[in-house]
Structures are given as structure tokens and as C-alpha cells.
Amino acid sequence: MMTSRIVITGTDTGIGKTVFSAALTDALSGCYWKPVQAGLDGETDSEAVRRLGRMEARRILPEAYRLATPASPHLSARLDGVTILPDSLSPPLVDAPLIIEGAGGLLVPLTERTVFADVFQRWRIPVVLCAGTELGTINHTLLSLEALRVRSIPIVGVAFIGDQRADTESIIGKLGQVRVLGRLPRLDTLNPDTLRHAFREHFEIDQIREALA
């Protein structure tokens, strides 16, 4: 069964894409899949999404690879003695919208020969690019958009995360020729209720729903 799917990636690690993924999965009443989890100490991304989205366990799909070492997947796999087979990564079939979260940015290596963007290119699933609003984000975001377009990966738009920087958001939209989907503010208290409220206040979910593959 084919259903709607969307990939969430970021301009960098720690940008907030897991929080965004939780909010989007909740808004779409969807399922969440993190293909590769590197680092198992503390709360994993899948566990964070389940908690922040108040989701049933069945809506969080098991990772294809769970690596203990918190590092780039290619290094984590090597240290853990695991061989990642990028061609084996294929989105699970589910009966709800599927939100897929990558690790770090587009050019994070899965192996010594393959980066995440190569997998996304094979999938051809629309991507939401999460970007911060701090100094440096214009360059990082425009480079990420270029990397997507070089590979002909469909782009839904950019989702900003952080404090409001109107000029930064505007110039990225113009120079990047991309839709700005909204901005998720940093929340002093991050819990399921505050996240749901902030997402609904700052994003038009129908804009994202229309682009689902």
C-alpha cells in the first residue's frame, strides 16, 4: 500500500528537526521513522518524538540501524562493527502519513561512499529542510537547497527553528527560490501541549499536506 511520505532533514545537527518532526507527525496523525539512530545513551530521537507527540507505540517505527556510538553514522557503524547497506534502506509501508527523519544534514556520510542525500535522491520523496535563524544560516541553508536541487530531490520548503529574524527568513526565500513554511520558536517549556500550540500557530499544515508524495 502506498501512502503519503515526507522527509525531514536539516542544515546541521542539533538544528531542532526532531522536535519539528514530532510536531508534524502529530499534526498529520502520522507515523515516524528514523532510519539510522547513532547514539543510544539517554533518549533517542524516536523516543523523543513519541513523547512530544503523545503517540502510540505503533506509530513509531523501528530504526533500520541502531548504533551505540554518538557520531556520524559511517564512523559510529565502524566503531560498532556494523555494516550499513544504504541500498537496503526503504521507507516502510504504513496506513498513515509517514514522516522520515534523517541524521544531521544532507551530506552526513552513511558509509565512506554514500551520504544521506544519495538515499533521498533514490527515494524521490519531498523534503522539508529545517534551518536555524542564527548567524550563518543563510549560507548553510542555500547550500543545502543547492545540494537537493543538484540531485533533483523535490523540496516542500524551509521550516525555520529559532528566534525571529525576518530579513534572514526573507532573503533565504528569495535567493533560494523556496517556500518558507513557517518558524517554530524556541520554547522555554517544551512539552506536548506547548509544541502542538506553537506548531499550529506558526505553520499552515495544509501547505505541507499538499506536497506529500
Side-chain angles (χ1 to χ4, degrees), residues 6-26 30-55 57 59-92 98-123 125 127-137 139-141 143-144 147-148 159-162 184 186-192 195:
I6 198 162
V7 166
I8 309 300
T9 190
T11 57
D12 204 344
T13 190
I15 208 71
K17 64 184 180 298
T18 297
V19 174
F20 179 84
S21 295
L24 181 60
T25 306
D26 173 48
C31 294
Y32 170 88
W33 184 49
K34 176 93 172 182
V36 180
Q37 172 68 46
L40 301 178
D41 287 340
E43 187 176 53
T44 66
D45 290 344
S46 292
E47 291 165 346
V49 168
R50 182 183 178 190
R51 173 176 59 83
L52 290 171
R54 284 203 188 104
M55 296 172 197
R59 291 172 58 190
I60 306 297
L61 307 179
E63 302 94 334
Y65 295 94
R66 288 173 57 86
L67 308 170
T69 305
S72 173
H74 82 289
L75 176 58
S76 182
R78 185 198 310 158
L79 294 175
D80 287 5
V82 173
T83 299
I84 293 178
L85 303 174
D87 290 343
S88 72
L89 291 175
S90 185
L98 178 62
I99 286 59
I100 305 168
E101 183 188 352
L106 287 161
L107 300 188
V108 165
L110 273 169
T111 69
E112 293 185 357
R113 294 179 178 272
T114 305
V115 297
F116 265 96
D118 296 328
V119 176
F120 299 160
Q121 181 180 29
R122 174 166 58 84
W123 289 349
I125 296 172
V127 166
V128 168
L129 177 65
C130 290
T133 57
E134 68 287 343
L135 186 65
T137 193
N139 181 65
H140 293 166
T141 306
L143 284 172
S144 295
L148 288 166
F160 289 102
I161 301 170
L184 187 64
R186 299 289 181 183
L187 301 173
D188 292 333
T189 301
L190 177 59
N191 60 45
L195 179 58

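Just so it is clear, the values below take in all heavy atoms, side chains as well, and ignore hydrogens, waters and symmetry mates. If you read the sequence from its start, that first residue is 1, and numbering goes on from there.
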Within the 4.5 Å heavy-atom criterion, are [X] and [Y] side-chain neighbours or not?
X: Pro70; Y: Asp41; answer: no
X: Ile84; Y: Leu67; answer: yes
X: Val115; Y: Leu106; answer: no
X: Phe120; Y: Ile125; answer: no
X: Asp118; Y: Pro86; answer: no
X: Leu184; Y: Leu195; answer: yes
X: Tyr65; Y: Pro73; answer: no

Would a distance-only check, ignoring hydrogens and angles, find a side-chain to backbone donor-acceptor pair under 3.5 Å from [X] to [Y]?
X: Thr44; Y: Glu47; result: yes
X: Ser144; Y: His140; result: yes
X: Glu112; Y: Thr114; result: no
X: Asp45; Y: Thr18; result: no
X: Thr137; Y: Gly132; result: yes
X: Ser76; Y: Thr69; result: yes

(request) Would you mind checking if Lys34 and Glu63 are paired as a salt bridge, meaning a charged N to carboxylate O distance below 4.0 Å? (result)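 So Glu63 does not pair with Lys34 through a salt bridge.
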
Distance from [X] atom [atom1] to [Y] atom [atom2], nearest 0.5 Å?
X: Tyr32; Y: Leu61; atom1: OH; atom2: CG; result: 10.5 Å
X: Leu79; Y: His74; atom1: CG; atom2: NE2; result: 9.0 Å
X: Ile60; Y: Cys31; atom1: CD1; atom2: SG; result: 8.0 Å
X: Glu101; Y: Gln37; atom1: CD; atom2: CD; result: 8.5 Å
X: Ser21; Y: Trp33; atom1: OG; atom2: CH2; result: 13.5 Å
X: Asp80; Y: Arg66; atom1: CG; atom2: CZ; result: 11.5 Å

At their closest point, which heavy atom of [X] faces which heavy atom of [Y], and how far apart are they?
X: Ile15; Y: Ala131; answer: CG1-C, 3.9 Å
X: Pro192; Y: Arg51; answer: CG-O, 3.3 Å
X: Thr9; Y: Gly104; answer: OG1-O, 4.0 Å
X: Ile6; Y: Leu24; answer: CG2-CD2, 4.1 Å
X: Ser90; Y: Trp123; answer: CA-NE1, 4.1 Å
X: Asp26; Y: Met55; answer: N-CE, 3.7 Å

(request) Quick one: do Val19 and Ile161 satisfy side chain to side chain contact (heavy atoms under 4.5 Å, CB included)? Show the steps, please. (result) CA-CA 9 Å; Val19 174; Ile161 301 170; over 6 Å; no

(message) Checking side-chain contact (heavy atoms from CB on, under 4.5 Å) between Leu85 and each of Leu89, Asp87, Thr83, Val82, which is the one that passes?
(response)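 So the option named by the test is Thr83.
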
